[in-house]
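Protein chains get the first letters and strands the later ones, always in sequence-line order, with residue 1 at the start of each. All values below were derived from every heavy atom in this structure, side-chain atoms included, with hydrogens, water molecules and symmetry-related copies excluded.
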Amino acid sequence: MFEEYYDVVVVGAGHAGCEAALACARLNLETIVFTVSVNSIALMPCNPNVGGSSKGHLVREVDALGGEMGKNIDKTFIQSKMLNKSKGPAVHSLRAQADKAEYSRSMRQVLENQEHLTIKQAEVSELILKDNMVEGVKICTGGVYHAKAVVLCTGTYLRARCLCGEAITNTGPNGLQAANHLTQSLEKAGIELVRFKTGTPARMDGRTVDYSKMIEQLGDERIVPFSFSTNPDSIQKEQVKCYLTYTNEKTHEIIRNNLDRSPLYAGVIEGTGPRYCPSIEDKVVRFADKDKHQIFVEPEGLSTNEVYIGGMSSSLPEDVQLKMYRTVPGLENCKIVRNAYAIEYDCINPVQLYPTLEFKKIKNLFAGGQFNGSSGYEEAAAQGIIAGINAAMSVLGKEKITLDRSQAYIGVLIDDLVTKENHEPYRMMTSRAEYRLLLRQDNADLRLRETGYKVGLVSKEEYEKTVRKQELIDEEIDRLKNTYVGSSKRVSDFLNSMGSTELKSGSSLFELISRPELDYYMIAPIDDNRTELDDDVKEQVNINIKYAGYIEKQIKQVEGFKKLEKKKIPEDFDYEKVSGLRNEARQKLIAYNPVSIGQASRISGVSPADISVLLVYLKGRQDIDE
Amino acid sequence: MYISDTIAAISTGMNNSGIGIIRICGEDAFKIASRVFCMPSGKVPDPFDSHRVYYGFIKDGEETIDEVLLIALKAPKSYTREDTVEINCHGGNLVMRRVLITVLNNGARLAEPGEFTKRAFLNGRIDLSKAESVTDVINSENEYALSNSIKQLTGKLTEKIVSLRDKIKYEIAYIESALDDPEHYDLDGYYDSLLGTVDEIYDELIKLKKSFKEGRIISEGINTVIIGRPNVGKSSLLNILTGEDTAIVTDIAGTTRDTLKQNITINGLSLKVTDTAGIRDTDDVIEKIGVDKAMESAKDADLIIMMLDSSEEISNDDIKIFDFIKDKQALILLNKSDLDQKTTEADVRKLTQQCIMSISAKDETGIDEFKDKIKEMFIKGSLEYNDEVIITNERHLFLIDNAIKSLDEVKKVIGDMMPEDFVSIDLKNAYEYLGAVIGEQIGDDIVDEIFSKFCMGK
């Protein structure tokens, strides 16, 4: 029997697997990452973007922790845009069009050149378990890879099934080989699996698209990088155009007339699909009153003519697809390179995981990405890096990390996954983050660099840069609080010219910046002692002063939240012994086994009264322990 | 929410014993007490000495609510081992509630059922062996409160709150959809339509808030004030209404000490009457307070009875009162019909739209008609109240008031043209407060609304 020994095994080399494998290898652990095809490392089988609303936040956070996604998209983007620029800073979100092939190739290179990391093309078929502890994996060809920790990042490959009308194939995304063996081993290990579904639209030959009938969508003039380590000047470049067009009644009619041939509506699809990313047939049925839907036509890369038809994913048969696409202005003569399809796959019910992404019932086994019931490249990467870090911490015998809901979108994402009932592939949204004013994409470094540094993924130099940045911000805000201007003619004239009211008595510059019509940049003419600071420092100063009232309110809320998070519930806690819990609550608590009172309070079906009972009981138990 | 903020509640039963205790517990207990309490000298104890009884008044801004005894208990020597203030009120049920609301408005949170006991336990005040019974207390009080508040929640109130919440939810979902998918939903011109919706919801909430007062009428009596120039016969009327032998049914010393309150019953209808003269003996005793002060004490009255002396000309003070009562529930009594008339009903009619009646307090003529009129106004009125949505529970009032404050913030954000994501924060707060009224916790309902109402996605 062929045998090898590693510290960590990572199963899958998608966006989660790459981050997990890199994190472990960079912490000097001997790591092996398995993929069904080396050509599909960091593959983007669906949309050609990285980032977007709230997902951009995730990429920034992964970067602040020392991950690779932000750096990789900075190297390979072909258009970039900051979304929601007219809205508040908390919802600004960066989104880039990726050159898909380049993105994948570039990430593969990073993995290949990473010390302590081995890439292996093979299908993992079995977990090796001993006494509720994972000890390695077995691959289809028989080889055994022993490891101190295993990270599962199988994405959409487990027992994958692709559907295009009546044509159904047992393949993974993009026609790649599915992973058909691991499911059985997981079930045997007592892991509960569910079946989810997602879909992707067709890719067209760009030469057959008439762009003159569509509306151009351009990137930003000044490009902002994703990574805090990327110098903005180094990435300014010529960008590609995207295009906007619309469906119409004709399109909808074709869809309605062929619904019986849609596997979704014919009941062939077993998996649960995401509501936020409905297929075009879903949109037409569920929003019947809409006479058109937006379609974004986006290039897949510089070295291909293929374009992605965003907004029109489908599982209709290919003849219907072609007819349907050809009703869209600009696509009248289109030729389909790859058909749209729906894909079904096995994934887990993530409440089986701790917030560290380790399985509650199997020690040293971690999981990340779409396998955990999420969707999206960014959500995958975010879980991947946490699962990777914690697998490493586990091997190193160090304390595992958990980000909470007040620290990061990653914290919200993982807490939602492991605490709430999840009936569809989970997508990040800014509305899911209750403290989103504090969790901005612009301050991800200030929030998370320290964690990344302590773990060992962020260099001392990068960390000190962030510390210095925070000092400069604090000093400048302090200076503005203590710099007063009076009702002099110069100040009055300035305020008048800005459409702001004159001062009757002295005012600090801080107070002036707080006025709705002014900001930090505008008051420069009356701020005599200002020293020139970096753009990112100025941005923080401005945001922190302008929105101080709301920010302070959220900080206060966070304090209350933290108190409950700190009340830990012992792992072996016996809920049966707590009299006074309502039955529904007791069952939920047993099923979820929350780590803290805070997490317990977020489980649906657990009421504030149940939490009171729990607090009282825990206090009693603590007294016994003492 | 559960651990260390400052909580308050009426810790004696809500029976009409007339005396009750409001307990405030937590870090800010003394701070809150210093905001609402002052001694007769006008001073606020600083600091409060522990385990000392203070005599003084509870004030809501300038207004005095009740004469109280206040006991400050410094941690850990209190029931919960936290800083605790106990306010002993004398003013009966209604006043007790007002004291509580004032305390809540000054930074305390209304305690959950059993929360004092829970804290006492968590802080090690109660013996471990009692853990079981504490749990039972929390549960039973919780059930009690639940059934109680369900009783409080008429179907109509729930319906109203649900419909207001739905409107708010839709707006939040719209904003969030636009933030999440800016290329599908844009927010140009959205503030105009939002402002309309917010104003609508706001007005409804204000109505509910006011109904708290009206709801109270049914249980507490109609707050009635007799007002008029000196010597028009106010005290005589009151004596007739109460029956001279038992002039004072319940003598609740008035808060300003210049007025007198008496509970009387007219045909089964309970009235809490304030005689702004403060004198009840005879007509010819010199009045102590002026018309201005009388009007001040009548500003929150449910019913104002204005008295005029028909044997005298209408004075400037009368005209002032006409103006004061023009938007209020009021009744004008033209007294001394037994004397020569210098002012007739027709003269008065020129100056006011309110109902006018002639009586003679001396001969007791016109009194039955007057009683019937009050009954008509309020029995009819209260039947109308029953058709309206009213709130009667101060927890609901507290929550609705906070929802109103959140909507104030929404309007401010719109006025300042701040970005939409800030509006969303305040809308969510309002949504949460209203949810608490009907016992709904915020869950995935906003996300669900986004997906069900708005077409998203790539």
Trainee: Could you list all the salt bridge (charged side-chain N to carboxylate O under 4.0 Å, His left out) pairs where at least one residue sits in residues 407-416 of chain B, not counting sequence neighbours?
Mentor: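 Those involving residues 407-416 of chain B are B:D199-B:K411, B:K412-B:D416.
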Trainee: What part of B:I425 is in contact with chain A, defined as an atom under 4.5 angstrom from a non-hydrogen atom: side chain, backbone, both or neither?
Mentor: side chain
Trainee: Please classify the contact between B:D426 and chain A as side chain, backbone, both or neither, with a heavy-atom cut-off of under 4.5 Å.
Mentor: side chain
Trainee: Name the member of A:R432, A:E517, A:R436 that forms the most heavy-atom pairs with chain B at distances under 4.5 Å.
Mentor: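 Maximum pair count with chain B is reached by A:R436.
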Trainee: Relative to chain B, which segment of A:F561 carries a heavy atom at a distance below 4.5 Å: side chain, backbone, both, or neither?
Mentor: neither
Trainee: Walk me through it: do A:Q294 and B:D181 pass the test side-chain contact (heavy atoms from CB on, under 4.5 Å)?
Mentor: CA-CA 11 Å; A:Q294 283 183 330; B:D181 202 349; 5.7 Å; no
Trainee: Between B:E420, B:E183, B:M417, which has the largest tally of heavy atom pairs under 4.5 Å with chain A?
Mentor: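 Result: the option with the highest number of such pairs is B:E183.
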Trainee: Below 4.5 Å from any heavy atom of chain A, which atoms of B:A173 appear? Answer side chain, backbone, both or neither.
Mentor: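 For B:A173, no heavy atom lies under 4.5 Å from chain A.
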Trainee: Which region of A:R286, side chain (C-beta onward) or backbone (N, CA, C, O), has a non-hydrogen atom less than 4.5 Å from a non-hydrogen atom of chain B, or is it both or neither?
Mentor: side chain
Trainee: Sort A:E424 into side chain, backbone, both or neither according to what part of it lies under 4.5 angstrom from a heavy atom of chain B.
Mentor: side chain
Trainee: Heavy atoms only, distances under 4.5 angstrom: which of A:P516, A:S54, A:G88, A:S86 has the most pairs with chain B? Name it, please.
Mentor: A:G88
Trainee: Relative to chain B, which segment of A:Q554 carries a heavy atom at a distance below 4.5 Å: side chain, backbone, both, or neither?
Mentor: side chain
Trainee: Which answer fits A:K546, side chain, backbone, both or neither, if we ask what part of it has an atom under 4.5 Å from a heavy atom of chain B?
Mentor: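 Neither part, no heavy atoms under 4.5 Å.
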Trainee: Name the region of A:L244, side chain, backbone, both or neither, that has any atom closer than 4.5 Å to a heavy atom of chain B.
Mentor: neither
Trainee: Check whether A:K85 gets within reach of chain B through its side chain, its backbone, both or neither, counting any heavy atom under 4.5 Å.
Mentor: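 Contact with chain B is absent: no heavy atom of A:K85 under 4.5 Å.
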Trainee: Quick one: what part of A:S604 sits under 4.5 Å from any heavy atom of chain B, side chain, backbone, both or neither?
Mentor: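 A:S604 has no heavy atom closer than 4.5 Å to chain B.
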Trainee: Over 60° means perpendicular and under 30° means parallel, so classify the ring planes of A:Y550 and B:F422, tilted if in between.
Mentor: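 Aromatic pair B:F422/A:Y550 classed perpendicular.
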Trainee: Less than 4.5 Å to any heavy atom of chain A: does that hold for the side chain of B:L187, its backbone, both, or neither?
Mentor: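 It is the side chain, since no backbone atom gets that close.
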